[in-house]
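Data first, discussion second: the structure below is written as structure tokens.
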Amino acid sequence: MIETIRALEAASRVLDPDAAERARLRAAFEPLTEGFLGRARTMKAFVDEPERAFEVDVHPIAAEGRPIESIVELLENAVVTPSAQPASPGHVAYFTGGGLYHGALADFASAITNKYTGIYFPGPGEVRIENQVVRWIADLVGYPAEAGGAVLSGGSIAILTAVVAAREAAGLRAADIPSAVVYLTAQTHHALGKALRVAGLSEAQLRIIPIDERYRMRPDALAEAIATDRAQGLRPWLITATAGTTEVGAVDPLAAIADIAEREHCWFHVDAAYGGFFLLTEHGRAMMRGIERSDSVILDPHKGLFAAWGVGVVLTRDATTLTTAMRDTGPYLQDTGHADVLSPADVSPELTRPFRALRLWLPLAHLGTRPFVAALEEKLELARYFYTRVQELGFEVGPEPDLGVIVFRWPADSADADDLEKANAINQRLRDQLLADGRIFLSTTMLDGRFTLRIAPLSFRTHLDTVDLVLDVLDELTAPLRR
Ligand SMILES: *Cc1c(COP(=O)(O)O)cnc(C)c1O
């Protein structure tokens, strides 16, 4: 028996490499990470070669491993190279923060030490860091001392958590769901609908509140919809506003909506996944006035705090709404004590979880908040700059940006259906040409029935030279249209 155990021990020893082997592994990875960072500022934002990824399927996982060098080569070719490059400055599609290097070091350290961050007892230092980050964001939002929250994997899971807290706070039971009403707009992110479904609330009533010409929720229309629903014996429950919509970056009038939510005793949720960290800027604070009166809010540090993918924050103005919905325990946890410090497991659906807050805390602790403020102010200025300059190229633009999203399109000659169709085709062709070119990567949407181009400079690597490049590329591609 002892012999068998020893043999198994020997066979599994490679799971714990020694110092020399660790150095060799790090050196083998260096070309990938340092090579990537060396070209990050100048690389293409889109490489239209998805067939490179097929190589992944050529190598199934097997009993025998493969040399690290060949694996690094595979990652370079099949994973790092093809398609979108969110770490490139020219990636101005959707919302990308770029992925801070300091955060990568934090991930490296937390994966190596593998400290437990679900509960305070085994990980007091980790949980205090999680809570310090949550508190810093709560202060940014303007929430009181009783607020609570958690660093989750992204905005969608954060919204789901907020929806469940709102459901429990209202005491909604199965029989109540068909008469419960949710208020949103056509600009609301689809993650809300998904969250309602996952939370067992797909039978709730949805009211799409009309928006104004700047794509913001109309408070008068909201008040009217609530009154109508009450008159019909329904139960207005959840009002969701957005602080920076995905499509156009619009910020709903939060203070006016907060007035209505208070008066009507509705749960007021704000989706600030994109816009939230602009609270670090004076303009952002003015735009989002009233956010502090919400019952819950979500923010995505993997957007506005430039973190790598995988961090979204949920906050509630009163932490007990989260603990009521989420706190639980089992007999096997009897040794974990009852600290008066809130643990991530008390306020979220997770128990065991990665040390996510370190990815935010380390860059903030080391660099301070100042460079983050500067970068976000820079993005707002870049959006205004682009908004003006793109019109000089002959493009038609949407409303002046509330935050940092600009929508624009090549204009139609007239409002006739034929001309609109023609313009849609031109804009679609521009999108295809941009993808094939690859220097910049933007996204598109159908806005008011028209094919529309959209950029949202947000990465910490996206500066004036990038925005000028976007303008240059657009200038080149539209030259034939201007004749
Ligand atoms: C990105 C985004 C979401 C979804 O967040 P994920 O982190 O992608 O899950 C929700 N709402 C808004 C406004 C967003 O911008």
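Whatever order the structure lists ligands and atoms in, that order sets their numbers, starting from 1.
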If only side-chain N and O atoms count, and only distance matters, is there a donor-acceptor pair under 3.5 Å linking Thr117 with Glu126?
no
Could you verify whether a donor N or O on one side chain and an acceptor N or O on the other, from Asp465 and His463, lie under 3.5 Å apart?
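His463 and Asp465 do not have a side-chain donor-acceptor pair below 3.5 Å.
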What protein heavy atom lies closest to [atom]? Include the residue and the distance to one decimal.
atom: atom 2 (C) of ligand 1; answer: Lys303 NZ, 2.3 Å
atom: atom 10 (C) of ligand 1; answer: His189 CG, 3.3 Å
atom: atom 6 (P) of ligand 1; answer: Gly155 N, 3.4 Å
atom: atom 11 (N) of ligand 1; answer: Asp271 OD2, 2.6 Å

Thinking salt bridges, do Arg317 and Glu146 make one under a 4.0 Å N-O criterion?
no
Is it true that Glu350 and Arg356 make a salt bridge, defined as a side-chain N closer than 4.0 Å to a carboxylate O?
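Salt bridge: yes.
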Taking only heavy atoms of [X], which atoms of ligand 1 are found under 4.0 Å from at least one of them?
X: Gly244; answer: 13 (C)
X: Thr246; answer: 12 (C), 13 (C), 14 (C), 15 (O)
X: Gly154; answer: 7 (O)
X: Phe95; answer: 15 (O)
X: Asp300; answer: 1 (C), 5 (O), 6 (P), 7 (O)
X: His302; answer: 7 (O)

Can you tell me if Thr245 contacts ligand 1 (heavy atom of the residue under 4.0 Å from the ligand)?
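Heavy atoms of Thr245 never come under 4.0 Å of ligand 1.
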Within the structure, is a non-hydrogen atom of Ala272 found at a distance of less than 4.0 Å from ligand 1?
no
Checking ring pair (Phe, Tyr, Trp, His ring centres under 6.0 Å) for the pair Phe372/Phe277: CA distance, chi angles, key distance, verdict?
CA-CA 9 Å; Phe372 291 86; Phe277 288 103; 9.0 Å; no
Between Ser156 and ligand 1, which residue portion shows a heavy-atom distance shorter than 4.0 Å: side chain, backbone, both, or neither?
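It is both backbone and side chain that touch ligand 1.
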Mode of Tyr94 contact toward ligand 1 - side chain, backbone, both, neither (heavy atoms, under 4.0 Å)
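For Tyr94, there is no contact with ligand 1 at all, from either part.
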Just wondering, are more than 12 heavy atoms of other shown residues or ligands nearer than 6.0 Å to CZ in Arg289?
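Check fails, neighbour count at 12 or below.
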Can you find a pair of side-chain heavy atoms, one from Val164 and one from Thr161, that are under 4.5 Å apart?
no
With a 4.5 Å heavy-atom cut-off, do Lys303 and Leu458 have their side chains touching?
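Yes, their side chains come closer than 4.5 Å.
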Listed once per pair and sorted, the ring pair (Phe, Tyr, Trp, His ring centres under 6.0 Å) pairs that draw on residues 74-107, sequence neighbours left out
His91-Phe441, Phe95-Tyr274, His102-His366
